[in-house]
Asks: 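First, the structure itself, so that you have it in front of you.
Residue numbers start from 1 in every chain, and the chains themselves are labelled A, B, ... in the order their sequence lines are given, proteins ahead of strands.
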Amino acid sequence: MSSSLLADLNTQQLEAITLPHQSVLVLAGAGSGKTRVLTTRIAYLIQSGQVSPFSILAVTFTNKAAKEMLTRIHALLPVNTRGMWMGTFHGLCHRLLRAHYQEAGLPQTFQILDTADQLATIKRILKSLSVDDKRFPPRQVQWFINNAKESGQRAADVIVDDPFSSHLLDFYLAYEQQCNREGVVDFAELLLRSYELLTRNEILRDHYRERFDYILVDEFQDTNRLQYNWLKLLAGVGTKHAAAVFVVGDDDQSIYAFRGADTGNMKDFERDFGISKVIKLEQNYRSHGNILDAANALIENNTERLGKNLWTAEGMGEPLRVYRAFNDFDEASFIVDEIRALHVDGVPLSQIALLYRANAQSRVLEHTLFKAALPYRVYGGMRFFERMEVKHALAYLRLIANPEDDNALLRVINFPARGIGARSLEQLQDEARQQNSSLWAAALHRCGEAATAVESDTKNKRGVAGFVGVIQVMRQGWENLPLAQIVERMLVQSGLMGHYQTVRESADRLENLHELVNAAISFVHEAEDGSLTAFLAHASLEAGEHQAGSGQDALQLMTIHASKGLEFHSVFLSGLEEGLFPHENSLNEKNGLEEERRLMYVAMTRARRRLYLSLAQSRMLHGQTRYNIPSRFLDEIPEKFLKWLRSPAGDGFSFDRSFTTKDLGTRSAVEVRKKDPFNRELPVEGQWRIGQTVAHVKFGEGVILDYEGSGSDARVQVNFGRAGTKWLMLEYARLTPV
DNA sequence: ATTCTTTAGTTTTTT
DNA sequence: ACTAAAGAAT
């Protein structure tokens, strides 16, 4: 046994890593070396010859976490870990279902619906049932279905006692049938179906139980009921081949109860798996004492805790700095000033995080950072595989794999436009309903199956026949092409490329389509199975690591949720106001306040050396100025840990930093409708800006509102007040700056 | 079939 | 205040 593997570990870490074949719950506090323990445990088991990688199953919550864990194991251990199963719950269940699709009652090419696809399917079903979507909002139906599935219930299992729920149940049933007909599964279905597969199929169950000797689970506090039951089933508690289940979690960092995570699973785990001992990792290697003690004091206010207190061998460090701002702009400019000072002191920008409760808060921060010319990156937001043009392209690919996919068909049957309007679509849907078939089958039937395939690539590209032809061409003779070529040809054949080449302002979209080809190429490189079906599953399950633009030293902006698991030298936590944090909506939910407090705890424990807490007396929200009182969480942190940078009571208040209404209130006679937040230069001439006042020979003075195009095609929209708002070609309009 | 107008929703989010 | 999506008008 190499000694380096176990060097520098504390007693509890060592105990967890070297534990013999038994199930254990590891309560791992923030910054206690949780990931290290998990990866070292796996490396230790393999290196000491207790188990082959083939018999290990490791579960994480995100693909990112799985990837990181694999990298770290490889760094510890020069051993081939191919046989090991490591991934997310959904990824692993997907793997099971692919391997045993027949036993699971699925077509070989079954596709995965993401959240948006699922909602679209539900809307479609509600429409076909002529349901009033005012009375039954699609989102609520979606929530009902996912909730049922995540507690392991099929439509047949749900018991309802009121007429409203009884309707919801009908929709659930219709949705189930529709998904089966189309051969698609949603995220919850991946779990439920593989759970049912293992329940029903004794041979498979025994096979996997025998195979997986050691099961490890990260972020266990985030598991929902179905995931827990899946785990229990696979582990085979109480049977001859019961696996040793090693779960790591922190009840204080459970912040996903709102989407079904159940910390009760931790207590149940102790009971169901006969846990004799809980190992607590309580030494924190991240933060200075003041930060940690403040966080501990805060979380003490929660009653539902398993009990655990973090300590550090580091010194107390600095107190937490609290700033009470006049308004949100003032708060942002305070943050900018402090960032500048930190940067001068040598703290890299990438080691500074700006955290907030809600995404809407990033706006003012971004605006201020941009004005201050500080580079920043915002995490979260639109992902690559969720972009409209990418989803269109994926829909075509789905139709190649499985034309029965109504969802995909509806998305692109008239995109690019082929002259198929609402009328013809309705006819098609009626036909499909009558024959109880897919839309594709109905479309085929309508065009006359024989004729279309041959004539398709000659001329007739419009109408339903044109669409059928396009798909026929894609489905015939492309089977043996490499994935990237399929994607490339599809982009041309579908007309997507052509469409985005002609439409103005589509440079980004075109680039994304090219990027999709690149994604296919690198997917074939990395994945074992480079098939189209595998690629489509990848697109659904790993909606996208947004890692573009990395490398540059930039500030990190994200929600507190997104910051879990990360650490920074300095953290700015803004918006500490009642109503915002804790969020007002949380107060109506059961245990909502406790979850908000855990969120606060997570935010505080991200900081290694310096933690700023800030609040604004007034803040723009939904277009209205709101006046808030300080967050109760500030009261829950003892004064001895805090250093107020401005009087907490508001007396002796200075307005020096604050924006007054003069900045916002004065408007010229001409109203600026749309402001570019960055006041960026028009790319055309370099001298024109949005918001700039210009003069026109005939229309007089006006303000530039917007622009379009570039080069000789560049146009600007100018509001001339009395003469109205006009679009003008820059080349001819002869505008002059005023 | 395109384009304009109205309306709803706006805590957190991965798979 | 702002956006996206549904509805109405051309």
Asks: Taking the minimum atom-to-atom distance to the side chain of A:R259, which one of B:dT14, B:dT12, C:dT3 wins?
Replies: B:dT14
Asks: Counting any heavy atom closer than 4.0 Å, what does A:R598 reach on the DNA or RNA strands: base, sugar-phosphate only, or nothing?
Replies: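 Touches nothing.
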Asks: Quick one: side-chain hydrogen bond (donor to acceptor under 3.5 Å, both in side chains) partners of A:R98, sequence neighbours excluded?
Replies: A:H94
Asks: Select from A:P137 and A:A188 the residue whose nearest nucleotide in DNA chain B is closer to the 5' end of that strand.
Replies: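 The 5'-side residue here is A:P137.
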Asks: May I have the distance from A:F61 (atom CZ) to B:dT15 (atom P), rounded to whole angstrom?
Replies: 11 Å
Asks: Between P on C:dA1 and NE2 on A:H367, what's the gap in Å once rounded to a whole number?
Replies: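 Going from NE2 in A:H367 over to P in C:dA1 covers 15 Å.
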Asks: Could you pull out the protein-nucleic contacts involving nucleotides 4-10 of chain C (nitrogen or oxygen on both sides, under 3.5 Å)?
Replies:
| residue | atom | partner | partner atom | Å |
| --- | --- | --- | --- | --- |
| C:dA6 | OP1 | A:K123 | NZ | 2.9 |

Asks: Hey, do the aromatic rings of A:F136 and A:F171 have their centres closer than 6.0 Å?
Replies: yes
Asks: Mind telling me whether A:F415 and A:Y500 have parallel, tilted or perpendicular rings, with 30° and 60° as the class edges?
Replies: tilted
Asks: Without decimals, in angstroms, what is the distance between A:Q111 CD and B:dT15 P?
Replies: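 For the pair A:Q111 CD and B:dT15 P, the rounded distance is 19 Å.
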Asks: Considering only B:dT15, C:dA1, B:dT11, which nucleotide approaches the side chain of A:H90 most closely?
Replies: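 Comparing B:dT15, C:dA1, B:dT11 against the side chain of A:H90, the answer is B:dT15.
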Asks: Do A:T62 and B:dT15 have a side chain to base donor-acceptor pair shorter than 3.5 Å?
Replies: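 Counting by modelled atom types and ignoring angles, no donor-acceptor contact under 3.5 Å is found here.
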Asks: Take A:E596 and A:R632 through the test salt bridge (charged side-chain N to carboxylate O under 4.0 Å, His left out) and record every step on the way to the result.
Replies: CA-CA 11 Å; A:E596 293 289 301; A:R632 67 189 76 190; over 6 Å; no
Asks: Hey, is A:F258 doing a stacking thing with B:dT12, by the 5.5 Å centroid and 30° angle criteria?
Replies: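 Stack criterion met.
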Asks: To the side chain of A:L541, which of B:dT12, B:dT15, B:dT10 is closest?
Replies: B:dT15
Asks: Whole-Å distance between B:dT13 C1' and A:K564 NZ?
Replies: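 Between C1' of B:dT13 and NZ of A:K564: 11 Å.
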Asks: Using a 4.0 Å cut-off on heavy atoms, which residues in residues 581-590 of chain A reach DNA chain B? List them by number, or say none.
Replies: A:H583, A:N585, A:E589
Asks: Provide, to the nearest angstrom, the distance between the CG atom belonging to A:L536 and the P atom belonging to B:dT15.
Replies: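 Answer to the nearest Å: 18 Å.
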Asks: Rounded to whole angstroms, how far apart are CZ on A:F385 and P on B:dT15?
Replies: 13 Å
Asks: Quick one: pull up CD in A:E542 and NZ in A:K67 and give me the separation to the nearest 0.5 Å.
Replies: 5.5 Å
Asks: Dump the pairs, protein N or O against N or O of nucleotides 1-6 of chain B, anything under 3.5 Å, distances to one decimal.
Replies:
| residue | atom | partner | partner atom | Å |
| --- | --- | --- | --- | --- |
| B:dA1 | OP2 | A:G419 | O | 3.0 |
| B:dA1 | OP2 | A:I420 | N | 3.4 |
| B:dA1 | OP2 | A:G421 | N | 3.2 |

Asks: Between A:H561 and A:F258, is the gap from one ring center to the other below 6.0 Å?
Replies: yes
Asks: Working to the nearest 0.5 angstrom, can you tell me the gap between A:I145 CD1 and A:I125 CD1?
Replies: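 One finds 7.0 Å between CD1 of A:I145 and CD1 of A:I125.
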Asks: Are OP1 or OP2 of B:dT12 and a side-chain N or O of A:N359 less than 4.0 angstrom apart?
Replies: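 A:N359 to B:dT12 OP1/OP2: side-chain N or O found under 4.0 Å.
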Asks: Taking salt bridge (charged side-chain N to carboxylate O under 4.0 Å, His left out) as the test, write out the residues that go with A:R598, two or more places apart.
Replies: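 A:R598: salt bridge (charged side-chain N to carboxylate O under 4.0 Å, His left out) contacts with A:E595.
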Asks: Does either side chain, that of A:Q111 or that of A:N402, offer a donor lying less than 3.5 Å from an acceptor on the other one?
Replies: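 No.
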Asks: Would A:K564 and A:D250 count as a salt bridge (charged side-chain N to carboxylate O under 4.0 Å, His left out) if you check the C-alpha gap in whole Å, the side-chain angles of each, and the deciding distance to 0.1 Å?
Replies: CA-CA 12 Å; A:K564 194 165 88 157; A:D250 181 1; over 6 Å; no
Asks: Under 4.0 Å: is that the gap between some side-chain N or O of A:N63 and OP1 or OP2 of B:dT15?
Replies: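 Checking A:N63 against B:dT15: at least one side-chain N or O falls below 4.0 Å of OP1 or OP2.
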Asks: Taking OP1 and OP2 of B:dT13, is either one under 4.0 Å from a side-chain nitrogen or oxygen of A:T559?
Replies: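 Yes, such a contact exists.
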Asks: A:H561 side chain: which of C:dA1, B:dT13, C:dC2 is closest?
Replies: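 Taking heavy atoms from C-beta onward, the closest nucleotide is B:dT13.
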Asks: Quick one: A:D117 CG to B:dT15 C1', roughly how many Å, whole number?
Replies: 13 Å
Asks: Report the residues that fulfil side-chain contact (heavy atoms from CB on, under 4.5 Å) with A:L409, sequence neighbours left out, ordered by chain and then residue number.
Replies: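 A:L409 satisfies side-chain contact (heavy atoms from CB on, under 4.5 Å) with A:L399, A:I413, A:L439, A:W440, A:F467 only.
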Asks: Can you tell me how far P of C:dA1 sits from CD of A:Q624, to the nearest Å?
Replies: 9 Å
Asks: How about A:F61 and A:F89: are their ring centres within less than 6.0 Å of each other?
Replies: yes
Asks: Do A:L354 and A:L369 touch side chain to side chain, with heavy atoms closer than 4.5 Å?
Replies: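 Side chain of A:L354 against side chain of A:L369, heavy atoms only: contact under 4.5 Å found.
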